[in-house]
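So the structure is just underneath, and the comments pick up after that.
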Protein chains: 2
Amino acid sequence: MSNIREVARLAEVSVATVSRTLQQPDLVSLKTRNKVLAAVKAAGYKPNLMAVRFRSGKTHNLVVLVPTVANVFFARVISGMQEAAHENQYALLLGNTLGDDEMEAAYARMVQTSQADGLIQLRAHNPFDALQQQDSADDSPALLPMVNACEVLDKAPCPTVVLDNRAAACAMTEHLLALGHRRIAMIKGPARSPLTRDRVAGYRDALQAAGVPFAAELLSPGNFSLQSGFDAAADLLALPNPPTAIFCENDEMAIGAMQRIKQQGLRVSADISVAGFDDISFAAFADPPLTTIAQPAEEFGRTAVRLLIDVLEGKLSKAPKVILPFDLVIRASTGPAPAPKDNQSDKT
Amino acid sequence: MSNIREVARLAEVSVATVSRTLQQPDLVSLKTRNKVLAAVKAAGYKPNLMAVRFRSGKTHNLVVLVPTVANVFFARVISGMQEAAHENQYALLLGNTLGDDEMEAAYARMVQTSQADGLIQLRAHNPFDALQQQDSADDSPALLPMVNACEVLDKAPCPTVVLDNRAAACAMTEHLLALGHRRIAMIKGPARSPLTRDRVAGYRDALQAAGVPFAAELLSPGNFSLQSGFDAAADLLALPNPPTAIFCENDEMAIGAMQRIKQQGLRVSADISVAGFDDISFAAFADPPLTTIAQPAEEFGRTAVRLLIDVLEGKLSKAPKVILPFDLVIRASTGPAPAPKDNQSDKT
DNA sequence: GCAAAAAATGTAACGGATTACATTTTACCA
DNA sequence: TGGTAAAATGTAATCCGTTACATTTTTTGC
């Protein structure tokens, strides 16, 4: 591959002139410029970006830490990131971490070793914690070159992009309450996640506001997979006094739960309502179509990238917290609560 | 950030010794080695990988061109790639191209400008074609630093990883024929794709072997989306003599098709069988669970990455074509063909 | 104890583009 | 036309780690 010196030789100018022709053409006379451009073409010259980046210290790479790309919601978020990154001439390095701290640390190290300029984390965990804090003695606590999106840390040392999960869960629970449901179960995400905690909080907010007592047995653990929704639903249906509605913290679990419900011979909506969260493409094509909370997934990605670039360019002094809007999408999987069974007393 | 010269100063040795301590410790005496390692720690030294790569000319980055990460199947393939890449100390640059040639060319240029060492393409299209062929005069037609996976070019100038789509489609069609179906429709993928062509060929192979005439009206176009499956099914059901089975070229379209069938008041399996392709996680949780062709998606990714690394390391002189196995997964969405309606004559 | 071989370490060039600073050329006005 | 400002171009340092080659130190064998 030809380099700038060869072009300079061909054009009979100095390397500086070649560089300027390409970077700041106004500084070069028209005559010289043409000579150089001809030489560039003749040599088939393409600047070696490794060299450019080495010198500038900017890689124009961003690392994305995602628990799993195989998750439909995350895939949409990543699409959005890609879009914004491409617009801004950045490339996206994918870090499929499987939620493993070691793996996250390995990818975070790419930032420290100048393989990437910054990092976007989709999980509530600071991957830099694991690395020895570089300049902890430094008195200027600059922002970390990181953005936390979707599932955010409570005290993130960086910009965050988040949904008001508490309000969204509250809205969905209110929807179910308005349909007459009183025994509303929730299939949760991973226990430690702030996201799970917020959604449970929103759920309890709505129950409390409606004067419906909270029942611990209606809170079932899940891990966002189809299978875990299926399993959790099985447990809930086996309760002595099973719920009339199940609110799942994501759509996959809701689809898994519906499957279980139908296998048991019950009708979704008529016998038991099911709601999800995320509004993935499969939600509208579920049977029945799934009531859910729509999240602007691609917008999460775009916003996260833009914020990160702002951090990298030093445009931010404080870490903003961006809250994106949600939308309650009512489809056919939720319906009026069935009339209470014979011997069941209703203390409302 | 500290550099190697600072470490050398701290350890009172030359930069060469520091580098050797880190790269080839056997060449350095134990005493010196310890001194250097202490200095490395004291300085918090991390080698600048940009510099290393700039000098070595290897970026250890691989670009992945994927039509859309939002596709569940591709997401799994990428997971596999990530796994193999990480194992081999490579990083994955994501190129979500939306099937756009321009975009693909932009990412392919990353290889030419030394931002990445090689490229994996998941679509049947050579992104380097769009770029002026670098050294076409060169008499050694070396392998392109590229691997084509999943949907491969007919005359790919690089290693390929593929499924025997023709055989797989044939196997599924045979399954449907064995159930007594004679009017078997197929919802296709994008028309120009070799993948679509091969699956249609396999479908026709099976029909022909069974002596069932091919009916053009039973071939319906799709684009792999849920909605397109839904729409195509609507068209097929509206035929004067509708099919008793629909074989979709991916699971999303099959799920979309089932939705349409059920909306029409028909029962999947009992009235009309539906089959998919890919075995995405949602297939097992569809209602009814979807009969499909399981593809080793993650293995596609892993194999593609390993082949690409082999190419980059010059271990391959010819471009191998790796064929991965498929598996016919029979679930409840396919069943015996319904007894022919009254006035319908059966010419078998 | 000495020469020769082996081991350890050091010096400096290198990779390719950018850019501060120096130098040359051109333009302009008196 | 001489002189100065402005424009154009050139020179060489710089980013940082690696490594060929040179040099110094240690080890080995007799």
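Note on naming: letters A, B, ... go to the chains in the order of the sequence lines (proteins, then strands), and numbering restarts at 1 for each one.
- Dashed line: the shortest gap from a side-chain N or O of B:S29 to OP1 or OP2 of C:dT9 is under 4.0 Å.
- Going from atom CG of B:L27 over to atom C1' of C:dT9 covers 11 Å, rounded to whole Å.
- Distances were taken from every side-chain heavy atom of A:Q24 (C-beta onward) to each of C:dA17, C:dA12, C:dT19; the shortest belongs to C:dT19.
- The nearest whole Å value for the distance from the CZ atom in A:R53 to the C1' atom in D:dG17 is 19 Å.
- In this structure, A:V52 and A:L49 have side chains that are in contact, with non-hydrogen atoms separated by less than 4.5 Å.
- For the pair B:I4 CD1 and D:dG17 C1', the interatomic distance rounds to 5 Å; values are reported in whole Å.
- Each of C:dA8, C:dT11, D:dA12 was ranked by its minimum atom distance to the side chain of A:V15; first place goes to D:dA12.
- Side-chain contact of A:R53 with B:Q115: a donor-acceptor pair under 3.5 Å is present, judged by distance alone.
- For the pair B:L30 CG and D:dT26 C1', the interatomic distance rounds to 15 Å; values are reported in whole Å.
- Between A:S19 and the phosphate of C:dT18, there is a side-chain N or O to OP1/OP2 separation shorter than 4.0 Å.
- Contact annotation for B:V18: no contact, since no heavy-atom pair falls under 4.0 Å across all strands.
- At a threshold of 4.0 angstrom between heavy atoms, the contacts of A:V28 are confined to the sugar-phosphate backbone, with no base atom among them.
- When each of D:dC15, C:dT11, D:dA8 is scored by its nearest atom to the side-chain atoms of A:R55, the top-ranked nucleotide is D:dC15.
- Here the options are B:L92, B:L119, B:V147, the test is side chain to side chain contact (heavy atoms under 4.5 Å, CB included), and the partner is B:L62; only B:L92 passes.
- Residue A:R20 has its side chain nearest to C:dA20 when only C:dA17, C:dA20, C:dC14 are considered.
- The residue B:T17 sits close only to the backbone: its heavy atoms come under 4.0 Å of sugar-phosphate atoms, none of a base.
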